[in-house]
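Have a look at the structure below before the remarks.
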There are 2 protein chains.
Amino acid sequence: MTDKKQIPYKIYLEENEMPKQWYNVRADMKNKPAPLLNPGTLQPMTADELGVVFCEELVKQELDDTTAYFDIPQEILDFYKMYRPSPLVRAYCLEKALDTPAKIYYKFEGNNTSGSHKLNSAIAQAYYAKQQGLKGVTTETGAGQWGTALSMACAYLGLDCKVYMVKCSYEQKPFRREVMRTYGANVTPSPSETTNVGRKILAEHPGTTGSLGCAISEAVEDATSHEGYRYVLGSVLNQVLLHQSIIGLETKAALDKYNIQPDIIIGCAGGGSNLGGLISPFMGEKLRGEKDYRFIAVEPASCPSFTRGKFAYDFCDTGMVCPLAKMYTLGSGFIPSANHAGGLRYHGMSSTLSQLYHDHLMEAISVEQTSVFEAATKFARIEGILPAPESSHAIKVAIDEAMKCKETGEEKTIVFGLTGTGYFDLVAYEKFNNGEMSDYIPTDEELAAGFAGLPKVE
Amino acid sequence: MTDKKQIPYKIYLEENEMPKQWYNVRADMKNKPAPLLNPGTLQPMTADELGVVFCEELVKQELDDTTAYFDIPQEILDFYKMYRPSPLVRAYCLEKALDTPAKIYYKFEGNNTSGSHKLNSAIAQAYYAKQQGLKGVTTETGAGQWGTALSMACAYLGLDCKVYMVKCSYEQKPFRREVMRTYGANVTPSPSETTNVGRKILAEHPGTTGSLGCAISEAVEDATSHEGYRYVLGSVLNQVLLHQSIIGLETKAALDKYNIQPDIIIGCAGGGSNLGGLISPFMGEKLRGEKDYRFIAVEPASCPSFTRGKFAYDFCDTGMVCPLAKMYTLGSGFIPSANHAGGLRYHGMSSTLSQLYHDHLMEAISVEQTSVFEAATKFARIEGILPAPESSHAIKVAIDEAMKCKETGEEKTIVFGLTGTGYFDLVAYEKFNNGEMSDYIPTDEELAAGFAGLPKVE
């Protein structure tokens with residue numbers, strides 16, 4: 001489907017070709033994602049209710065499922081110019097090594113200090129907090145990518161940033177912590193003595209090393225109990241997918257520039273921020289009946305929300321303080337097995353993506369982590385980039401699809417999202433290099449235990 | 001000096017604008033750098049003598065001080081396309097934050113998995129080893145940047161790669177080690193039991209944590225005692241400056257594209273690979289009398305080869321097995337104080353740069369490390385990139401020069417080399433963040449002890 005123009009190794013957009021609006025895929029969805037519910041009343045959350053926790057403008061974006069395009073404020077466009085456009089890379093070396101007729105492209109989001117695409121939404125959320133006259137924002141972080149991105153955005157805007165970092169990560173990933181501190185963030189190991197919920201948990205479980213659910217609860221309590229603070233979140237929410245649409249819009253502009261029509265678009269899926277952002281503008285074309293694409297979400301076999309989860313209302317956090325969301329979920333009590341490396345460990349999935357998957361507009365596949373690290377290592381050696389474990393899920397399936405093309409002789413064009421780098425994931429790589437990495441697929445009984453915790457909602 | 005065309009935040013060259021030749025600044029030097037000497041005979045090293053240790057083609061490049069341009073082989077050009085061109089960034093945000101009339105640009109070499117410019121020469125050296133039909137190469141690494149770069153290059157070309165990593169780094173920087181292993185390199189803590197010199201040192205100093213000098217000796221012994229291996233080195237040598245000229249050539253092409261004429265060009269200086277590469281084409285213009293520039297080499301006050309060293313023949317390694325080079329040196333026995341963080345700890349300096357400095361074609365300045373980390377942190381927060389400690393030496397002086405412009409009102413154009421990222425230097429950042437970083441300037445007595453070890457050469 002490509003024309004005769006020589007495709008460079010990396011396609012960079014010019015500054016004047018960069019998107020100036022975000023695209024809201026919900027506007028083109030016939031079946032809209034179900035609304036967030038108040039866990040007490042089971043009624044849809046109102047803007048006022050959400051405004052206690054989130055910034056006003058972000059609440060508007062969260063609730064708006066009809067406006068297709070949102071102007072990106074100039075200050076965010078300027079920030080984007082510091083690390084965007086990200087390159088769309090033609091994987092010539094990988095194609096050659098696989099000896100496949102497929103044409104492989106990847107959108108590489110790792111060339112910024114946060115190491116991932118998370119910065120795209122962090123700067124937007126921090127900007128609206130600043131615009132609202134707030135003093136600062138709070139958040140939680142597990143592995144640290146989102147916390148790092150938010151710290152960078154807040155440092156740029158002169159906003160206070162409080163990060164609750166799951167205690168075991170805080171201790172095991174001191175480098176992530178130090179990047180955040182270098183960007184001026186206040187990083188607290190969670191559970192902590194600074195919140196009621198933290199003190200309660202510490203009293204009940206003195207030796208606990210924390211969990212993401214607890215860190216969320218602490219961050220929310222901190223925001224709502226301090227004048228001038230709001231809570232922000234790096235994935236799952238509609239607003240995050242909106243901001244992350246910059247990934248897909250740039251990808252599409254770069255492909256259009258060379259008249260390239262992708263056949264398959266692949267992304268890894270945890271909460272859905274990267275996948276949703278990458279596919280949004282292409283999905284819009286599909287929803288409007290203009291073009292057709294295969295979309296493939298790739299998730300870990302150890303945390304298979306799409307492929308083995310239920311499509312139901314569930315709590316967004318294990319502390320059950322946040323609104324209920326309708327999504328593919330394993331139950332808010334589900335925790336991946338201890339041998340699971342890297343991110344993509346959230347029990348649920350973006351409501352928007354869940355609806356699209358439910359409507360058969362998208363496929364999903366789960367892969368085991370040793371095969372993911374095999375693909376990661378192969379990719380690193382051939383394409384020169386050490387990928388994040390999360391991103392490597394997409395690499396694995398992109399390679400599999402390219403090998404299918406080799407069998408059939410089809411010259412398909414495959415695009416995948418390379419969300420980030422693995423520079424802070426070397427403990428996992430070491431395990432793999434030493435042959436000590438293992439796989440674990442949860443049993444049906446284990447999943448049933450998670451589903452048992454689902455709230456009863458019509 | 002800039003025209004009215006709007007300068008983007010990042011200037012990327014198109015693939016067809018990328019340099020296809022390296023530039024050899026020695027060709028335009030009236031006073032050529034002094035030749036390497038055989039430590040036994042004190043006669044200039046012949047190609048045959050050098051060929052025992054180094055690859056043939058690299059020996060030719062090392063000795064050739066008259067050919068101005070060398071064609072870059074197609075396979076290296078292809079590899080460069082995977083991570084080059086590196087962006088020339090207009091530091092709009094930094095200029096604004098400093099409120100300076102100066103225009104600041106930096107050439108950012110950190111956007112590749114090796115994290116620095118080292119990859120530019122690693123791929124070239126590995127390519128020539130492969131072309132010569134060798135099985136593999138050996139090298140030493142301290143902090144690990146060079147070892148990582150070489151591992152990547154060897155993985156790409158299917159060449160065996162043995163890295164002797166200073167034992168204390170091997171133990172303290174397990175992540176660097178794992179990146180190298182992920183790229184298939186054989187990483188050995190030095191001193192080791194695998195070489196005679198390693199066994200000898202271990203017998204004499206059972207508890208030693210190693211030194212760069214010892215690691216060099218092991219790598220050289222390994223290469224010369226195994227059929228099909230040669231030793232490669234990441235800095236100091238003329239061949240390395242030749243390969244690194246790609247940095248300066250791209251910088252110049254990007255500046256020329258927008259009709260920008262720099263006034264000051266600044267680079268950090270350890271062995272000189274980055275500085276030499278960045279300034280080469282500009283220095284060529286100066287040497288040929290076509291244009292004038294101020295060049296500033298920035299070195300740590302704790303390892304001040306240029307500013308306090310002697311211009312003399314010295315051993316390139318502490319083991320005194322390598323040829324003698326004429327350079328600004330602190331003596332091959334000099335070791336920076338224990339509180340020195342990051343690289344730039346080599347006792348000597350590239351012969352080419354030493355000659356240029358001796359001939360007053362270049363300035364040098366030394367800076368203390370707490371001021372370097374202050375500049376690094378400021379830069380990270382404003383420009384969004386966490387810089388390597390080495391690179392931050394250049395940042396420090398670029399900011400100082402920009403502040404001078406603020407005082408005088410001059411609109412100078414400042415270009416500096418941002419050689420790499422600090423993702424593996426967070427132990428040093430942590431020290432700084434905790435207020436535990438200190439400075440140390442060697443006393444005259446300490447330097448005198450280093451000079452006492454200089455060989456007696458006419």
Side-chain angles (χ1 to χ4, degrees), chain A residues 6 8-10 12 14-16 78-85 87 89 91-93 108 110-115 119 148 151-153 155-156 158 174-179 181-184 373 376-377 380-387 421-430 432-434, chain B residues 6 8-10 12 14-16 78-85 87 89 91-93 110-115 119 123 148 151-153 155-156 158 174-179 181-184 373 376-377 380-387 421-430 432-434:
Chain A
Q6 170 67 32
Y9 277 63
K10 288 175 293 177
Y12 280 108
E14 301 286 328
E15 255 178 34
N16 59 18
D78 286 345
F79 187 87
Y80 279 169
K81 283 180 199 160
M82 287 205 297
Y83 72 101
R84 307 198 68 80
V89 185
Y92 281 118
C93 296
F108 180 41
N111 271 351
N112 70 76
T113 288
S114 83
L119 197 51
T148 307
S151 306
M152 291 175 66
Y156 178 78
F175 290 176
R176 276 281 189 209
R177 182 191 74 209
E178 281 312 316
V179 180
R181 288 185 68 208
T182 300
Y183 280 95
F373 274 82
T377 302
R381 293 185 186 186
I382 296 170
E383 286 284 320
I385 296 171
L386 187 78
T421 49
Y423 306 145
F424 293 91
D425 299 286
L426 285 154
V427 170
Y429 272 99
E430 182 175 12
F432 178 75
N433 291 337
N434 290 341
Chain B
Q6 171 66 33
Y9 276 63
K10 288 175 292 177
Y12 280 108
E14 301 285 330
E15 256 178 33
N16 59 18
D78 286 344
F79 187 87
Y80 279 169
K81 283 181 200 161
M82 287 206 296
Y83 72 101
R84 308 199 67 81
V89 185
Y92 280 118
C93 295
N111 271 350
N112 70 74
T113 288
S114 84
L119 197 51
I123 185 62
T148 308
S151 305
M152 290 174 68
Y156 179 78
F175 290 175
R176 276 279 189 212
R177 182 191 73 207
E178 282 312 316
V179 180
R181 288 185 68 208
T182 300
Y183 281 94
F373 274 82
T377 302
R381 294 184 186 188
I382 296 169
E383 286 284 321
I385 296 169
L386 187 80
T421 50
Y423 307 145
F424 293 91
D425 298 286
L426 284 154
V427 170
Y429 272 99
E430 182 175 12
F432 178 75
N433 292 336
N434 291 341

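This one's a predicted model, so the numbers in the text were calculated from it and none came from an experiment.
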Can you list the steps and then say if B/Tyr183 with A/Leu386 is a side chain to side chain contact (heavy atoms under 4.5 Å, CB included)? CA-CA 9 Å; B/Tyr183 281 94; A/Leu386 187 78; 4.2 Å; yes
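Side-chain contact between B/Tyr156 and A/Cys93 is present, with heavy atoms from C-beta onward closer than 4.5 Å.
Between the A/Lys10 side chain and the B/Arg84 main chain, a donor and an acceptor come within less than 3.5 Å of each other.
Applying the ring pair (Phe, Tyr, Trp, His ring centres under 6.0 Å) test to B/Tyr9 and every residue at least two apart in sequence or in another chain returns B/Tyr92.
Counting heavy-atom pairs under 4.5 Å between each of A/Asp425, A/Asn111, A/Asn434, A/Ile382 and chain B puts A/Asn111 at the top. With chain A as partner, the option from B/Glu383, B/Met152, B/Arg181 having the largest number of non-hydrogen pairs under 4.5 angstrom is B/Arg181. The greatest number of non-hydrogen atom pairs below 4.5 Å with chain A, out of B/Thr377, B/Asp78, B/Val89, B/Leu119, is found for B/Asp78. Ranked by heavy-atom pairs under 4.5 Å with chain B, the list A/Ala153, A/Pro8, A/Ala376 is led by A/Pro8. Chain B forms more heavy-atom pairs under 4.5 Å with one residue of A/Val427, A/Asn16, A/Thr182 than with any other, namely A/Thr182.
Using a 4.5 Å cut-off between heavy atoms, A/Glu15 contacts chain B through its side chain alone, with no backbone atom that close. Of the atoms belonging to B/Phe373, not a single heavy atom falls under 4.5 Å from chain A. Using a 4.5 Å cut-off between heavy atoms, A/Asn112 contacts chain B through its backbone alone, with no side-chain atom that close.
Taking the six-membered ring where the residue is Trp, A/Phe175 and B/Phe175 present perpendicular rings, their angle passing 60° and hence far from 30°.
Under the side chain to side chain contact (heavy atoms under 4.5 Å, CB included) test applied with A/Tyr423, the options B/Val179, B/Thr113, B/Thr421 reduce to a single match, B/Thr113.
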